[in-house]
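Take a look at the structure below.
Proteins come first, then strands; the chains are lettered A, B, ... in the order of their sequence lines, and each starts at number 1. Model, not experiment: these values are computed from the prediction. Quick note: numbers below take in every heavy atom, side chains included, and nothing from hydrogens, waters or symmetry partners.
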Amino acid sequence: MLDRKFIIQNADLVRDNCVRRGTACDIDRIIELDAERLTKLQLAEDLNRQANETSQQIPKSKDDDARKALIDKGRDLRHQKEASQNSHDELEAEIGDLISAIPNLTHPDVPTGGEDDAVEISFGKTAKPTFDFNPLNHVELGEQHDLFDFEAGARVSGAGFYYLKNAAVRLDLALQQFAISFLAGHGFTPISTPDLALTPILKGIGFTPRGPETQIYSVENTDLNLVGTAEITLGGMLAGQTITDAELPMRLCGLSHCFRTEAGAAGRATKGLYRVHQFTKVEMFAFTKPDQSDAEHIRMRDLECEIFDALEVPYRVIDTATGDLGGPAYRKFDLEAWMPGRGDDGQWGEVTSTSNCTDYQARRLNVRFKTTGKKGTQFAHTLNGTAVATGRAMIAILENHQQADGRIAVPKVLQPWVGCDMIG
RNA sequence: GGAUGGGUGGCAGAGUGGUCGAAUGCACCAGUCUUGAAAACUGGCGUACGUUUGCGCGUACCGUGGGUUCGAAUCCCACCCCAUCCGCCA
């Protein structure tokens with residue numbers, strides 16, 4: 001969320017930003033409620049001060065009557081304070097709800113518009129493949145090599161679940177191994193994270209569990225939810241903590257399962273691994289100082305490029321437009337891999353996404369840092385980026401690397417873990 | 001899951017109803033002394049919100065949430081977490 005004072009002092013800026021991002025907001029209502037809230041707060045504090053003063057006089061007063069009068073006065077003041085405090089708390093909750101709905105500010109370079117207005121920034125080193133045969137999609141390739149079992153997945157867990165088999169398992173693990181090793185070599189601390197997290201943590205990161213449109217599976221009779229991404233648990237690691245500036249930037253890479261209901265994606269359901277309820281992902285996450293986050297964001301994007309160059313997958317990088325940014329994101333880059341089996345003649349399909357959330361998540365999660373020699377604390381900036389989501393990466397690898405004889409070439413960097421250079 | 005003991009400022013640790021935002025020690029910062037350092041001594045040293053041009057002042061915060069009271073770190077209730085032991089278990 002944004003800072004309350006900032007919103008009030010920069011009402012026009014925030015309003016324009018909401019319009020650009022296609023989010024409804026009522027800044028005037030916030031300003032109005034906050035003025036009222038402040039009045040109640042000041043009244044409550046003043047009444048409390050009077051009550052404290054009264055309480056302090058009681059032990060000093062020797063006369064029983066005077067004492068009793070003071071006790072009555074104190075009681076009365078506390079009651080008045082209570083009433084004012086309650087009004088304040090209700091207003092604050094209402095303001096909080098309104099503020100939560102306001103998206104982050106937007107990086108000046110972000111293009112305005114929707115999904116089709118993203119700007120193509122660059123392309124990967126690997127060229128789109130040209131086939132002198134009719135290329136198969138990953139589902140067909142999987143059937144040929146006995147890599148997946150979608151029927152059993154549906155039987156056991158429902159549509160959108162699947163089993164990986166044989167070389168797909170090796171490939172899945174190889175992608176995890178490669179990503180973790182690569183990132184560990186670039187200063188990221190490998191972390192294997194919980195797959196469930198408490199509701200306040202999800203909310204802090206910007207997810208809304210238990211709503212009608214929620215993407216999140218929740219566990220009945222608990223405050224736990226299956227995580228949609230390790231971003232939740234990595235960001236949550238420092239919730240409520242104050243660290244020192246010397247610890248920043250703090251770079252983590254998390255390995256977790258990801259669970260998504262894909263509610264609202266009906267009709268966009270696709271065969272195969274592309275849109276599923278569970279997958280495995282290696283996720284980058286960074287806490288930085290405010291002046292470091294832009295550079296860190298570019299760095300994350302470039303690491304994603306290095307990973308997909310190493311996987312020998314053709315891709316493009318896009319700078320996502322305003323309407324397509326999630327609430328917490330200040331700027332977002334996606335890598336879209338070329339997937340020859342998607343659509344009629346192949347399509348770009350999102351394989352990674354990296355967002356700079358500036359202090360939006362940190363403010364909700366209360367992640368702060370202290371600068372040595374300076375008074376007070378500041379909110380950290382948070383960034384996240386996909387290193388490898390194994391399902392989608394596998395689609396890109398299988399479909400791009402298929403050979404005329406039906407076999408599939410394993411990218412060099414994965415061969416040590418897959419244990420062969422060719423599937424089939 | 002059962003039993004017991006705990007959760008207080010960066011750390012250690014005192015504090016069982018008012019004079020407690022909280023002793024003391026360590027750490028840290030500044031200064032005195034010193035060629036320099038150490039030691040010693042002196043002073044400072046939490047966070048958030050509100051208020052003020054500023055010095056400052058006010059309010060809240062002793063695991064979390066409720067309750068009792070004019071007044072709670074202190075009493076009561078619930079929950080969470082930690083330690084140790086027992087049980088169970090990959």
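Both distances falling under 3.5 Å, in either a Watson-Crick or a G-U wobble arrangement, occur for no nucleotide opposite rU35(B). Across all strands shown, rG1(B) forms a Watson-Crick or G-U wobble pair, both distances under 3.5 Å, with rC86(B). Across all strands shown, rG65(B) forms a Watson-Crick or G-U wobble pair with rC77(B), both key distances being under 3.5 Å. With a cut-off of 3.5 Å on both Watson-Crick or G-U wobble distances, the partner of rC70(B) is given as rG18(B). Across all strands shown, rG43(B) pairs with rC29(B); the Watson-Crick or G-U wobble distances both stay below 3.5 Å. Of the nucleotides present, rA48(B) is the one that pairs with rU59(B) by Watson-Crick or G-U wobble criteria, both distances under 3.5 Å.
To the nearest angstrom, P of rG10(B) lies 16 Å from CG of D245(A). To the nearest angstrom, P of rU59(B) lies 12 Å from CG of L41(A). The distance between atom CD of Q50(A) and atom C1' of rG58(B), rounded to the nearest whole Å, is 12 Å. Taking atom CD on Q241(A) and atom C1' on rG10(B), their separation rounds to 13 Å, with Å as the unit. At whole-Å resolution of the value, NZ in K40(A) and P in rA60(B) are 19 Å apart. Regarding N48(A), its CG atom lies at a distance of 13 Å from the P atom of rG21(B), rounded to whole Å. With rounding to whole Å, D72(A) atom CG is found 14 Å from rG71(B) atom C1'. Between the CG atom of D65(A) and the C1' atom of rC70(B) there is a distance of 16 Å, given to the nearest Å.
Atom P of rG31(B) sits at a distance of 37 Å from the matching atom of rU19(B), rounded to the whole Å. rG43(B) and rG54(B): their P atoms are spaced 29 Å apart (whole Å). rC76(B) and rG17(B) have their C1' atoms separated by 13 Å, given to the nearest Å. Rounded to whole Å, the P atom of rC79(B) lies 25 Å from the corresponding atom of rC85(B). Comparing the P positions of rU35(B) and rA22(B) gives an interatomic distance of 40 Å, to the nearest angstrom. Taking atom P on both rG65(B) and rG15(B), the two are 25 Å apart, rounded to the nearest angstrom. Atom name C1', nucleotides rA40(B) and rU47(B): the rounded distance is 33 Å, in whole Å. For the P atoms, the distance linking rA78(B) with rA3(B) amounts to 13 Å, nearest Å.
Within the 4.0 Å cut-off from OP1 or OP2 of rU51(B), at least one side-chain nitrogen or oxygen of Q42(A) is found. Regarding contacts with the backbone of rA60(B), a side-chain N or O of N52(A) is found under 4.0 angstrom from either OP1 or OP2.
Screening Q80(A), R78(A), H79(A) against D76(A) for a side-chain hydrogen bond (donor to acceptor under 3.5 Å, both in side chains) leaves a single residue, Q80(A). Each of T106(A), D319(A), N356(A) was evaluated against R331(A); a single residue qualifies, D319(A), per the side-chain hydrogen bond (donor to acceptor under 3.5 Å, both in side chains) test.
Here the side chain of L38(A) is nearest to one of rU51(B), rG18(B), rU47(B), namely rU51(B). If you check rG50(B), rU47(B), rC70(B) against the side chain of R37(A), the one that comes closest is rG50(B). Proximity note for R368(A) (side chain, C-beta onward) versus rU47(B), rG18(B), rC49(B): the nearest is rU47(B). Across rG58(B), rG71(B), rA48(B), the shortest atom-to-atom separation from the side chain of T377(A) is found for rA48(B).
The residue among R67(A) and R49(A) whose nearest nucleotide of RNA chain B lies closer to the 5′ end is R67(A). Along RNA chain B, the nucleotide closest to P59(A) and the one closest to K5(A) are compared, and the more 5′ of them pairs with P59(A).
At a cut-off of 3.5 Å, with distance as the only test, a side-chain donor of Q50(A) or D46(A) sits close to an acceptor on the other residue.
Among the protein residues, K370(A) comes within range of the sugar-phosphate backbone only, with heavy atoms under 4.0 Å from sugar or phosphate atoms but none that close to a base.
In the interface, the side chain of E45(A) is paired with the base of rG58(B) through a donor and an acceptor atom under 3.5 Å apart.
For F161(A) and Y163(A), the gap between ring centers reaches or exceeds 6.0 Å. For H381(A) and Y360(A), the gap between ring centers reaches or exceeds 6.0 Å.
In this structure, F150(A) and Y162(A) have tilted ring planes: the angle between them lies in the 30° to 60° band.
In this structure, R251(A) is not positioned above the aromatic face of F285(A) in the sense of NZ or CZ being under 6.0 Å from the six-membered ring centre and within 45° of the axis.
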